[in-house]
Structures are given as C-alpha cells and as structure tokens.
Amino acid sequence: MDKIFEALSNNGFATADYLVFIVYIIILVGMGLFLSRTKKGEEKSSTDYFLAGNTLTWWAVGASLIAANISAEQFIGMSGSAFASGIAQAAYELMAAATLLVVGKFLLPLMIEKKIFTIPQFLRERYNWGVGFAFSLLWLFLYVFVNLTSVAWLGALAIQQILGLPTDMVVNVAGIEIDQVRMCIILSLFVIAGIYSIYGGLASVAWTDVMQVTFLVGGGLITAYAALSVIGDEMGLGGAWDALAHIKDYLASIDGDKHFNLVVTRNEELYPVINGVVDNAGNIVQKEDPFFTNPGIVLIFGALWLTNLGYWGFNQYIIQKGLAAKSLDEAKKGMVFAAFLKILIPFIVCIPGVCAFYIMNAPECDGLRETLAGSIARSDDAYPFLIRNFTPTVVKGLSFAALAAAVISSLASMFNSTSTLFTMDIYKQFINKNASEKKLVNVGRMTSVTALIIALIAVYPLMGGIDQAFQFIQEYSAFVYPGVVVIFGLGLLWKRASGTAAVVCAIGTFAFSIIYKFAFPEMPFLVRSGVVFITLVILFVWISLKSNKSVPADELDEHTIKTQLFWSRIMFIIAGVSLALCIAGFFNESMHMLGFEGAWIFFAAITATIGIYLRSNALDKVQDPKLVAIDLNVFHTDKIFNIGAFGVIAILTILYIALW
C-alpha cells in the first residue's frame, strides 16, 4: 500500500483533483440510484427496465449514444494514433456523424415502427428463430468476452498510467501473473457501473449518461484547451489558438508529415512495403505505411461505412437508446444531436496526441522536455503524459473524471444490453415463455451480475496486453460487420431477402474475411471488408432470388412504385460514375495514391445494391413471406431534423476542405 500512496502523492495530482473525481463518483452513483426508484406500490415492467419505459427525450438519446460509445479506446487509443500518424484517425469519428443521420432517417424508424426490443428479435421475426438465436449467442459472447473485458481492461490501464500507479505488484494465480492494482481498478469500474445500471435498468443508464457526456465532452475540451494554453505560454507563442496554429505550421513544414491531414495518401518512397517489414527476431525493419490503416478516401466513400452502419445501426447497446425514445421524432432528433457531439470527439482526443508529438519531436521543445515528468515510450502514453504535465489543478481532476465517465458509461450500457439480450431473446423465448414482468426484470438483473462476474474472471486471460486487445477488436469489426450490414440491411429493406441467404452470409462473413486476409495480406483491412461485402451481396441476392419459399407480392400503390423506380435509377447512375472513378484509379497515379480503387468499388457496390432492391421492390411479383412491409411515410423527417442534418454535413464538408 505504501507504493500506491507514494505514487498518488507524486503524480502531479493535487488534493483538489482527487476531490473533483470523488464528487463526480458520488453524484453519479447517487443520481443513478435516485433514478432507479419506482413509485410506491409500483413495479418495473420489462419495458421500463430494458427500454426506460420509452421516456427518453432527444437530448437524453443523443447524450446516451455518445456516452455509451466513447471509452478508453478513444481517449487513449485514438490519441495514441494521432501521436503516431496524425488526425486521419478522426475520420472514423467524423464519418460516424454522417452515419448517425442515415440511421436516424432510414433504419431507426423501421425498428421503432415494428416495436423491436432487441436486434436478434428482428432477425427472428424477419427470417427464422435459428438466425435470431445464433446472433443472440454471438452478441452475448462478444459483449461479455470482448466488449466488457476490453473496455474495463483499457480503462484500468489508462487510469493506472494517468495516476502513475505501480505495475510491479504482481501475484501469480493459476499460472497467470496478475497486476493487483489493475485488477482492483477493473473491479471498481465494474462495481460503480453495476451499482445503478443493474438495479435501475436503461432509465438509470440513459439519464446518468447526460451527466456523463457533460463531463466527457466538457472535460475533454478543457483538457485540450488547457494543454495548448500551457504550451503557448512555455514556448512564448501566445494563447491556445496561437499554439495550435504554430504546431500546424511546424508539422506542415516537415517533408512527408501528415499529422494535420484528414486524408492520408500512399507513400511508396518512404514505405515500399505497405504493411511493413519485420525480421525473424520480431524487430521492425520498415514501419507500415499509415495508408495501410487509414487508406485515403476509403475513409470517406469506402467500407468504413460498413463498420459505422454495423456499429451505429445494428449494435444492441447503441441502438437500444434510440428504441427507448418517447417518440419517433424524439429518436430522430436524438440522432442529429449525437452527430453534432460526435464531431467534437476527434478534437478532444486527436489534438492532444498531435500536441504530444510536437513536444516530443520538435527541436525547439528541447528545453521544455527537460522540465517534464515522464516520457512517451509508446504512442498510447501520449494522453496520460499530457494530462500529467500540461493540465492545471482541478482541470486534472476534471480530465480524469472525463476518462472515468467514458469507461463507466460504456460498461453500464453493456451490462444493460447483455441482460436485455439474454432475458428477451433466450429466457423469454426458450426457457419461460409465460414469465411475468417482475420475473423478467429479476432475470435481467441476475444476468447483469453474472456477466459482471464472468467478465471479471475472464479479463486477465483474454486481455493479456493492450496491443493484442486493440488488434482483436479491430479484426472482430472487420470480420463481422460486412455480414451484419448485408443481413440486417437487406432484411429490413428488400422484400425478397430469404432466411437461407441470411444463414449463408452469417457463416460467409467469417469465412471470406479469413480467406481474403491470408490471400491478400497487403490489402488494407477496410478495403478487404469492402471486398467481403461485395461477395456477400452477390451470394445473398442470388440465393434469395432462387428461393422456393416466395409468395405472391402485395400490391403497391402507383406513388410507391414510381418513387422506388426513380431512386433506383439515381442509385444506378451513381454506381456507374463510381465504377468509372474506380477504373480511373488504376491508370492515374494521383487517384491511386488516394485509394480511389478501394473507395469507389465499394461505393459502386453499395449504391448498385440499393438500386437493385428498390427496383425489385417496385416490380417483382413475388416476395419472401416474412418481409418487412415498408410505408415510405415513415422516412419523412421534420424541419428540425433536416436543418440539423444540413448543419452536420456542412461542418463535415468544411473540415475536410480545410484539413484535406
């Protein structure tokens, strides 16, 4: 214990910083428990517990979406990526803002109209019980053994780094060396998130997320601004904005530096082998080209859309917030609000990483570096290093609270979604179909407790090191989301989508991802995801068209037919132009360096797919017996949504023009 107290007293944190954090925890738990209470004589129903009684307002939906999404991966991982290669990593967040608009306009309305509780419920009703059950098991496994463990592990690692806590207090358990300090932090995170989320359900999670996102966004912005202000003062550059402008100009003067570019181009001179070279001893002979993980305009027009659509549109612990809105209009406005918040996130976490790169590498910072505590041994040390050295008292506590808020809110959402999946998709469907509302709520609580215990036991064996954790999550996303988008997207929107095609694509998304990974090792994973998507679409459409379970199609009114045919033609034209741009990329060096081939072949495929299903919906005389009947009026959006969406697109356009 002496080591811990010594570390806490010598890490740059003052008493006021610890008080800020302690007050935050007390308010969080107190608010969560207060919101968990029910009126005397009333009991929570399953809708109250799993969907917050459909009471969430637009600002609660938006805040809860962002709080559930942002975790240590962004604060530590994205800041580290910005330190290593620049702000191109921000494209993942910026394009997520655009994706939220698509989900709000086209996907969420259909789910709310069909009164969907869980994503596997939709699969069960649209295809068959086998597809729904398989995805229930898949997501339960991923939430417990991947999401809960990785978020807790990375969060604990970040807290340990920021507080400068010892890493040598190790105990051997069953042959596994366990860092006792990190394990205590993980347990604390689980307990804090579990205290209010397990008892109160989604209502407690969502409403406390409003406070969490205030700490998260507010604390993050203050941290970035404070760090820039200190750098400006120390280097005699003026204020925060002057410091940022100087850093941008300095990095732009370095030949080949892309730290302030949102779009990375292929650099064959510096990186002849795109995915790097490692010798037999494991030493890096040539670093991988940043283009390998951020392949140019693929991050705008390419398969990044698969990851974003899969995550924001078909992920239980994310989409559950939208399903819990008090009305469809509130849900749509919540998506727009979340999109605006999402635009802020890259600058909260990426700018500090770039600042840290400037401090550690610029010759003009030699004198400053000598006065700083610690160093940056790995890229992911950048954010903790900046907090320790460049944030004033109280702001340190606020920054620490922001990081904790990100981790705790994500864990709370995962506990609730895990309990929802098991209770509604497995327990109610296969174990006790006549369970009372009280029984369902109690089973949900017990499921969360069980998930907590299992994740706590599994975290160390599974997450043996942070590099493995990040790689594992990245590969999981690239393997799963192509199939998820095909199965869910066509299931929602195409009247001929069949259950057999869904089963084949569920298996195929893993099979083809593995085959293409080994067949084309130099292909960036986002480009590979696009190729897998194209393969699955061809398979899905072919199998569905060959289905012998089709029934005569419902008759459509003239307006619906004309509308679908009109947009089908538009999609085919866009697909044709995209294909032409893809072909041009093979013959034009500048286009090739920007990744035209990988980006536009995917964009051509996805727009052609939309064109095909729209034309099929309008003209085909047969349909799958379990189709989702679509009323085009459900896609109507009001003036507030349209103005907000225009604002998001305008900001994204300006950012890409300014930082291309």
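- A donor-acceptor pair is defined here as one N or O able to donate and one able to accept, closer than 3.5 Å; no such pair exists between the side chain of K326 and the backbone of T57.
- Proximity of a side-chain donor or acceptor of D17 to a complementary backbone N or O of V394 within less than 3.5 Å is detected.
- Residues forming a ring-ring contact (aromatic ring centres under 6.0 Å, His included) with F34 (at least two apart in sequence, or on another chain): none.
- The aromatic ring centres of F415 and Y143 sit 6.0 Å or more apart.
- Within the cation-pi definition used here (under 6.0 Å to the ring centroid, within 45° of the axis), R445 qualifies as a partner of Y199.
- A search for ring-ring contact (aromatic ring centres under 6.0 Å, His included) contacts involving Y24 returns F215, not counting sequence neighbours.
- Surrounding CZ of F646 are at most 12 heavy atoms belonging to other residues, nucleotides or ligands under 6.0 Å away.
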Worksheet item: Taking it one step at a time, do T560 and D557 satisfy side chain to side chain donor-acceptor pair (under 3.5 Å)?
Response: CA-CA 6 Å; T560 299; D557 60 79; 3.0 Å; yes

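- Side-chain atoms of M111 and L323, non-hydrogen and from C-beta on, do get closer than 4.5 Å to each other.
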Worksheet item: Please walk me through it: do F641 and K105 pass side chain to side chain contact (heavy atoms under 4.5 Å, CB included)?
Response: CA-CA 9 Å; F641 181 95; K105 184 169 179 65; 4.1 Å; yes

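- Annotation for K439: atom NZ does not count as buried by contact number, only 12 or fewer foreign heavy atoms lying within 6.0 Å.
- Checked against F488 for a ring-ring contact (aromatic ring centres under 6.0 Å, His included), the options F314, Y311, Y481, W494 give a single hit: F314.
- A pairwise comparison of heavy atoms in S399 and T391 identifies OG-CG2, 4.2 Å as the closest pair.
- Counting only distance, with no hydrogens or angles, the side chain of D48 and the backbone of N54 share no donor-acceptor pair below 3.5 Å.
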